[in-house]
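Encoded as structure tokens, the structure appears first; notes follow it.
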Number of protein chains: 2
Amino acid sequence: MSDLLERLRGRGWRMTAQRRVVAEVLDGDHVHLTADEVHARAAERLPEISRATVYNTLGELVSLGEILEVSTDRRAKRYDPNAHRPHHHLVCARCGAIRDVHPTGNPLSDLPDSERFGFAISDVEVTYRGVCPNCAGA
Amino acid sequence: MSDLLERLRGRGWRMTAQRRVVAEVLDGDHVHLTADEVHARAAERLPEISRATVYNTLGELVSLGEILEVSTDRRAKRYDPNAHRPHHHLVCARCGAIRDVHPTGNPLSDLPDSERFGFAISDVEVTYRGVCPNCAGA
DNA sequence: ATCTTACAATGGACATTGTCTAAGTCAAGC
DNA sequence: GCTTGACTTAGACAATGTCCATTGTAAGAT
């Protein structure tokens, strides 16, 4: 267990049983869970936790910069605990598995001024899609 | 009007009044409409057209490679008639406006083998986000 | 021109994901 | 141990999209 709970408490986050279990669910493996998956895992330990609370808590953690929202498909948003190192995503077109990746280079420098249309660009998001070894082997 | 309808007919697409108006709606300006916006514009000319038909027709046009689906936010998918020249998107973080952009370079070459995890990568999608001149001026 | 038939359109129910609200509950400070 | 404002809850609601059974029709065959 990392110091996520400590950091949150230090920021004046009111600590409730619900928030604790949500934070602990995310503070494990670097997988990319949906809100409902987080809710299911949280409910194993705190059966009465409501969906709304999970949604609220996830939204707060995103605002606090402790986790990232990832939308790689039209389905549910996923939550990425790896918020402290910039990265992009590699998604399996078959099974939807997501890996964090760290490309070299900066896509921003690939966009000439003439293609910026006066926008003040603040962020670039890159999603690689392909078939993972698991799905390809089948 | 381009030759979109001709191309579709040539591919054996059964031409109905509904499909014609949907194709014609898309065959105009290179804007990025949602399915419901397409439905609204189509209904101006064919008031009885149903939502399901618009969804079906858009899905078919995507399968045929005549238009592209774009998902730049968590809201509705948008449809991009500019399917014949590869491009990426620049999205206004305030108003959601979308522009097609053509970055130089190839993001694929920025992803070393060690970061591919055995995936057979087939596609890269780049989304630039920022504030458009309109929203910045306000 | 009419018939035939497979393919398309329709409307409405349903599914998924997420948001909102009013009322009850509780963590943390006094 | 109170008090209080923040938190949680259940369920209604919203937005987008999909599915299905029924009805309609485009286009080839006669």
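Each chain gets a letter, A, B and so on, in the order the sequences are listed, and its residues count up from 1.
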CA sep, side-chain torsions, deciding dist, call: A:H88, A:D100, side chain to side chain donor-acceptor pair (under 3.5 Å) | CA-CA 6 Å; A:H88 296 288; A:D100 290 357; over 6 Å; no
[atom1]-[atom2] distance between [X] and [Y], expressed to the nearest 0.5 angstrom:
| X | Y | atom1 | atom2 | result |
| --- | --- | --- | --- | --- |
| B:D27 | B:L8 | CG | CG | 9.0 Å |
| A:R51 | A:D36 | CZ | CG | 6.0 Å |
| A:F117 | B:C132 | CZ | SG | 12.5 Å |
| A:L4 | A:L26 | CG | CG | 8.0 Å |
| B:S50 | B:N56 | OG | CG | 7.5 Å |

A:R75 side chain N/O closer than 4.0 Å to the phosphate oxygens (OP1, OP2) of C:dT17?
-> yes
Ignoring backbone atoms, test whether A:Y55 places a side-chain nitrogen or oxygen under 4.0 Å from the OP1 or OP2 oxygen of C:dT19.
-> no
Measure from [atom1] on [X] to [atom2] on [N] and round the result to the nearest Å.
| X | N | atom1 | atom2 | answer |
| --- | --- | --- | --- | --- |
| B:K77 | C:dT16 | NZ | P | 15 Å |
| A:H39 | D:dT9 | NE2 | P | 8 Å |
| B:D73 | C:dT17 | CG | P | 17 Å |
| B:L64 | C:dA8 | CG | P | 11 Å |
| B:D36 | D:dT18 | CG | P | 12 Å |
| A:R9 | D:dC7 | CZ | C1' | 16 Å |
| B:R20 | D:dT25 | CZ | C1' | 13 Å |

Hey, is B:E37 close enough to B:R78 for a salt bridge, meaning N to O under 4.0 Å?
-> yes
Stepwise, does the salt bridge (Lys or Arg N to Asp or Glu O under 4.0 Å) test hold for B:E125 with A:R129?
-> CA-CA 8 Å; B:E125 188 183 298; A:R129 295 181 194 280; 3.3 Å; yes
Identified salt bridge (charged side-chain N to carboxylate O under 4.0 Å, His left out) counterpart of A:E24 within the set A:R45, A:R19, A:R41 = A:R45
Between the side-chain atoms of A:R14 and the base atoms of D:dC7, is any donor-acceptor pair under 3.5 Å?
-> no
With the sugar-phosphate defined as primed atoms, P, OP1 and OP2, and the base as all remaining atoms, what B/S/- string results for nucleotides 9-14 of chain C, 5' to 3', for protein heavy atoms under 4.0 Å?
-> SBB---
Rounded (10°) bend between the five-pair end axes of the helix from C:dA1-D:dT30 to C:dC30-D:dG1 = 20°
5' precedence on DNA chain D between B:R78 and B:W13 (nearest-nucleotide basis) = B:R78
Check the interface with nucleotides 1-4 of chain C: list each N/O to N/O pair with the protein under 3.5 Å, or write none.
none

Taking atom types as modelled, find out whether B:H87 and B:D80 have a side-chain donor-acceptor pair closer than 3.5 angstrom.
-> yes
Salt bridge (Lys or Arg N to Asp or Glu O under 4.0 Å) between B:R11 and B:E6: does it pass, once the steps are laid out?
-> CA-CA 9 Å; B:R11 295 222 224 166; B:E6 288 310 313; over 6 Å; no
